Novice: 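Before I ask anything, let me first share the structure, which is written out below as structure tokens.
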Amino acid sequence: MGLAAYKRTIRESETPRQIERRILSRVTHDLAEKGQGFDATEDKSERLNILASGLRDAIYENQRFWLALRHDLSEPENKMPNALKASLISIALWVDRHSTALMAGEGRLAGLVEINGNIAAGLAGQAAPQMQEV
């Protein structure tokens with residue numbers, strides 16, 4: 001019961017922006033951690049092994065985040081400036097296409113991690129982080 005009350009308090013005290021940043025940061029961490037070695041190899045079977053070892057799930061969770069964000073941005077009640085909404089929807093579409101390629105063992109994971117890191121930094125009101133090797 002204590003843990004449930006703690007989680008409810010966190011949900012109730014965080015702004016939607018803080019919640020988005022927290023979720024995106026966690027998903028990005030999972031992508032980087034579970035994707036170690038993915039970009040370093042061109043061997044398809046090795047890439048598929050990395051995907052099967054948890055990276056596929058992390059990519060899927062990231063896609064779900066971006067799909068939810070895209071849905072929220074397309075709602076008429078969303079008061080975000082139209083230019084910013086359009087830019088984020090465009091990024092969400094790129095994330096979806098790129099994620100599909102990654103799940104097939106193609107492309108580079110670093111771009112996805114970099115985009116997420118930049119957006120998370122923006123949500124936190126910080127400058128974009130430096131690109132880290134995945």
Side-chain angles (χ1 to χ4, degrees):
M1 176 123 170
L3 182 59
Y6 173 75
K7 286 182 178 181
R8 186 173 54 256
T9 301
I10 293 293
R11 273 194 315 272
E12 292 170 357
S13 64
E14 285 184 312
T15 66
R17 184 179 179 132
Q18 290 169 323
I19 293 168
E20 289 169 349
R21 185 204 51 77
R22 181 174 42 82
I23 292 169
L24 187 58
S25 294
R26 179 189 50 81
V27 170
T28 304
H29 176 272
D30 289 348
L31 286 169
E33 184 178 286
K34 294 175 181 176
Q36 290 183 9
F38 186 86
D39 288 354
T41 184
E42 295 296 323
D43 182 81
K44 185 87 166 204
S45 65
E46 193 172 329
R47 282 180 162 219
L48 293 176
N49 284 336
I50 294 169
L51 283 161
S53 296
L55 179 57
R56 184 173 283 114
D57 292 337
I59 293 170
Y60 175 71
E61 286 299 315
N62 189 62
Q63 274 185 300
R64 286 185 45 204
F65 170 83
W66 281 97
L67 179 63
L69 183 63
R70 192 171 82 204
H71 175 74
D72 180 61
L73 292 166
S74 67
E75 290 294 319
E77 299 84 32
N78 189 304
K79 302 297 182 204
M80 188 176 288
N82 287 336
L84 183 55
K85 281 196 284 191
S87 294
L88 288 170
I89 288 170
S90 179
I91 291 169
L93 292 169
W94 178 87
V95 166
D96 191 53
R97 287 189 309 272
H98 194 69
S99 296
T100 300
L102 288 169
M103 286 200 203
E106 301 167 2
R108 296 187 46 81
L109 182 62
L112 195 58
V113 171
E114 182 177 13
I115 290 287
N116 281 6
N118 289 341
I119 299 298
L123 288 168
Q126 303 170 350
Q130 294 297 320
M131 172 77 174
Q132 295 181 4
E133 190 64 31
V134 177

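Because the structure is a prediction, the values reported are computed rather than measured. Here, residue 1 is the first one in the sequence, and each next residue gets the next number.
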Novice: To the nearest 0.5 Å, what is the distance between CG (Asp72) and CG (Leu67)?
Specialist: 11.5 Å
Novice: Could you tell me the separation between the CD atom of Glu42 and the CD atom of Glu106, rounded to the nearest 0.5 Å?
Specialist: 11.0 Å
Novice: For Gln18, what residues pass the side chain to side chain contact (heavy atoms under 4.5 Å, CB included) criterion, not counting sequence neighbours?
Specialist: Glu14, Thr15
Novice: Write down the atom of Ile59, the atom of Met103, and the distance for their closest heavy-atom approach.
Specialist: CG2-CE, 3.3 Å
Novice: How long is the span from the CG atom in Asp30 to the OG atom in Ser25, to the nearest 0.5 Å?
Specialist: 11.0 Å
Novice: Measure the spacing between CD of Glu46 and OG1 of Thr41 and express it to the nearest 0.5 Å.
Specialist: 3.5 Å
Novice: For Gly122 versus Arg17, what's the shortest heavy-atom pair and its separation?
Specialist: O-NH2, 2.7 Å
Novice: Would you give the length of the straight line joining atom CG of Leu31 to atom CD of Glu114, rounded to the nearest 0.5 angstrom?
Specialist: 13.5 Å
Novice: How long is the gap from CG on Leu123 to CD1 on Ile19, to the nearest 0.5 Å?
Specialist: 11.5 Å
Novice: Kindly indicate whether the side chain of Leu112, heavy atoms from C-beta on, has any atom under 4.5 Å from the side chain of Trp66.
Specialist: no
Novice: Please tabulate, one pair per line, all N/O donor-acceptor pairs under 3.5 Å involving side-chain atoms of residues 85-92, not counting sequence neighbours.
Specialist:
residue : atom : partner : partner atom : Å
Lys85   : NZ   : Asn78   : O            : 3.2
Ser87   : OG   : Ala83   : O            : 3.1

Novice: Quick check: do Leu48 and Leu51 have side-chain heavy atoms less than 4.5 Å from each other?
Specialist: yes
Novice: How would you list all residue pairs meeting side-chain hydrogen bond (donor to acceptor under 3.5 Å, both in side chains) that involve residues 51-63, not counting sequence neighbours?
Specialist: Glu61-Arg64, Asn62-Asn116, Gln63-Asp96
Novice: Among Leu109, Leu55, Asp39, Leu102, which one satisfies side-chain contact (heavy atoms from CB on, under 4.5 Å) with Arg47?
Specialist: Asp39
Novice: For the residue pair Lys34 and Ala58, what are the closest heavy atoms and their distance?
Specialist: CD-CB, 4.3 Å
Novice: Check whether Lys44 reaches the backbone of Ala104 with its side chain - one donor and one acceptor, N or O, closer than 3.5 Å.
Specialist: yes
